[in-house]
Amino acid sequence: MTALKSSLAAPGVTPAPKQAAPAADERVGQTSRARQLFGRPEFASISGTVLVFAFFIITAGDSGMFNLDGVVNWMQVASYLGIIAIGACLLMIAGEFDLSIGSMIGFAGMMIAIPTIYFHWPLWAAIVFAFAGSMALGWLNGYIVIKTRLPSFIVTLAFLFILRGLTLALSIMFANRTIVSGVGDLAANDWLASLLFQGNVATGLFHWLGAHGWIAVLDDGSPLVKGIPKVIAWWAVLAGAASFVLSRTRFGNWMFAVGGDANAAKNVGVPVRKVKISLFVFTAFCACLFATLQVCDIGSAAADRGMQKEFEAIIAAVIGGALLTGGYGSVVGACFGALIFGVVQIGITYTNINSDWFRVFLGVMLLIAVLFNNFVRSRVTESR
């Protein structure tokens, strides 16, 4: 019937032409999964971690490095560095540096130990005081950078010397020595320190595993590893929260925008000052958290704590994919960069390699990471 109607159509009437398929948008390109993976900020650090693990499995696989107690040892080292690497990474994504992180660790430790030991403050009050003081100094760092438009490298370098000098001077003034000890026993009896900063988590689980023969135990039947040290738990929580903020929130988008082009970000309504100052405060929080966990664990504060940690944090962030010019990076990558540090620093003691080569390894890793990140960035820029 349809064919008959078509044949009887009125003369002079031309059937409507078929619509052509829409042309492919030349602005949209297809990228292979391998290329997408290669362009991820954390690709280099994950690859480096695999290589480092492979090396130590071959050279120290039967030395106890990968036993539960060995894993806890190098995870603790990685966790301490990972905490400050997260702060350094986010700040670098926003296009700034904080070279005062290491000095802040030593200064925050003294802000906890001196009031507790010499002024007889409750330890929880000294911890709150240390966090408040550290974050106020972080705010001051950010405010000076924003207000004066000086490079954050210069401003925080000045605070590196100021805080290190204050730490040394205050320890000599109050203790007549550079180490203030006696905090450990107080931490065990303090509600805040014992709850959040000292000891282990999941101790019941580890006792259960030991009782059933899943993990090694001592002669009295208690597990060789009591639980997960709280510094590892803090690192995991901080990494998860920071990664979520960076990848899933508007504030995370602001970080990338500010680091990519602060003027363009300001012109489209991004609160550049708020973002940068907030990240300086967060970096100081991470440094104080490092110091608090260390003081509660070791039981003392020392004027030389945190030496060169600012450089190690930056190296971990760069190995993790953060660019020195800002606008690019990954919290996950920074955590893998810190993990490389921990594995190498502890793993090298399980081998016959001289530990003096550790710094050489860090320098080589930094150079390789910078070259790789520069290559990835040039490829991404060309593809656009």
Side-chain angles (χ1 to χ4, degrees), residues 37 39-53 74-99 101-102 104-105 152 156 231-249 251-252 255-256 258-259 275 278-280 282-287 289-290 293 306 308-345 361-363 365-374 376-377:
L37 179 64
R40 294 288 301 172
E42 60 270 14
F43 177 79
S45 60
I46 295 175
S47 302
T49 303
V50 172
L51 292 176
V52 166
F53 270 92
W74 48 259
M75 279 294 292
Q76 279 187 282
V77 175
S79 298
Y80 274 111
L81 180 59
I83 286 171
I84 55 175
I86 291 170
C89 176
L90 294 182
L91 191 59
M92 288 175 65
I93 290 173
E96 304 292 349
F97 288 94
D98 189 349
L99 296 181
I101 296 174
M104 186 73 76
I105 291 171
S152 56
T156 57
V231 62
I232 299 177
W234 268 107
W235 182 33
V237 170
L238 207 62
S243 183
F244 176 82
V245 170
L246 184 63
S247 60
R248 301 290 183 180
T249 68
F251 193 84
M255 291 185 216
F256 286 112
V258 168
V275 170
S278 298
L279 291 176
F280 274 105
F282 178 70
T283 304
F285 169 85
C286 292
L289 178 60
F290 181 114
L293 289 162
Q308 297 188 342
K309 288 300 179 184
E310 58 276 356
F311 301 113
E312 293 181 5
I314 291 172
I315 291 172
V318 171
I319 291 174
L323 293 177
L324 300 175
T325 52
Y328 192 75
S330 164
V331 171
V332 174
C335 290
F336 274 101
L339 183 61
I340 291 174
F341 271 71
V343 172
V344 173
Q345 186 171 342
F361 171 82
L362 294 187
M365 285 293 296
L366 174 62
L367 181 60
I368 292 174
V370 171
L371 292 174
F372 180 82
N373 293 342
N374 186 61
V376 169
R377 188 187 186 195

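For clarity, every value in this text was computed on a predicted model and none was experimentally measured.
Remark: L99 pairs with F153, T156, L157, L160, F311, I314 by the side chain to side chain contact (heavy atoms under 4.5 Å, CB included) rule, at least two apart or across chains. In terms of the side chain to side chain contact (heavy atoms under 4.5 Å, CB included) criterion, residue partners of E312 (sequence neighbours excluded) are, by chain and number, L81, K309, F341, R359. Residues satisfying the side chain to side chain contact (heavy atoms under 4.5 Å, CB included) test with S278, not counting sequence neighbours, are F251, K274. Under the side chain to side chain contact (heavy atoms under 4.5 Å, CB included) criterion, L324 pairs with M92, F97, V318, sequence neighbours left out.
Rounding to the nearest 0.5 Å places CG of L91 at 10.5 Å from SG of C286. Taking OG1 of T49 as the start and CD1 of I319 as the end, the distance is 9.0 Å to the nearest 0.5 Å. A distance of 13.5 Å separates CD1 in I84 from CZ in F285, rounded to the nearest 0.5 Å. In this structure, I340 CD1 and I46 CD1 are separated by 9.5 Å, a value rounded to the nearest 0.5 Å.
Scanning all heavy atoms of the two residues, the minimum distance from C89 to A334 falls at CB-CB, 3.9 Å. In plain terms, the two heavy atoms of A94 and L279 that are nearest each other are CB-CD1, 3.4 Å. Summarising the geometry of V331 relative to L90, their closest heavy-atom pair is CG2-CD2, 3.7 Å, with the distance given to 0.1 Å. In terms of heavy-atom proximity, A85 sits nearest to A317 at O-CB, 4.4 Å. Residues Y80 and F290 share a closest heavy-atom pair of O-CD1, 3.1 Å. Across all their heavy atoms, S79 and W235 have their closest contact at OG-CE3, 3.1 Å.
Among pairs with a residue in residues 89-98, those fulfilling side-chain hydrogen bond (donor to acceptor under 3.5 Å, both in side chains) read E96-S152, E96-K276, D98-S100, at least two apart in sequence or across chains.
Using a 4.5 Å heavy-atom threshold, the side chains of I83 and L293 count as touching. With a 4.5 Å cut-off on side-chain heavy atoms, L339 and M75 count as touching.
Under a 3.5 Å cut-off, the side chain of E310 and the backbone N or O of G102 do form a donor-acceptor pair.
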Can you give me every donor-acceptor pair (side chain of residues 242-249, partner residue at least two apart or in another chain, under 3.5 Å) with its distance?
from	atom 1	to	atom 2	distance (Å)
S247	OG	S243	O	2.7
T249	OG1	V245	O	2.4
T249	OG1	G252	N	3.2

Could you please spell out the steps behind the side-chain contact (heavy atoms from CB on, under 4.5 Å) verdict for F336 and V52?
-> CA-CA 11 Å; F336 274 101; V52 166; over 6 Å; no

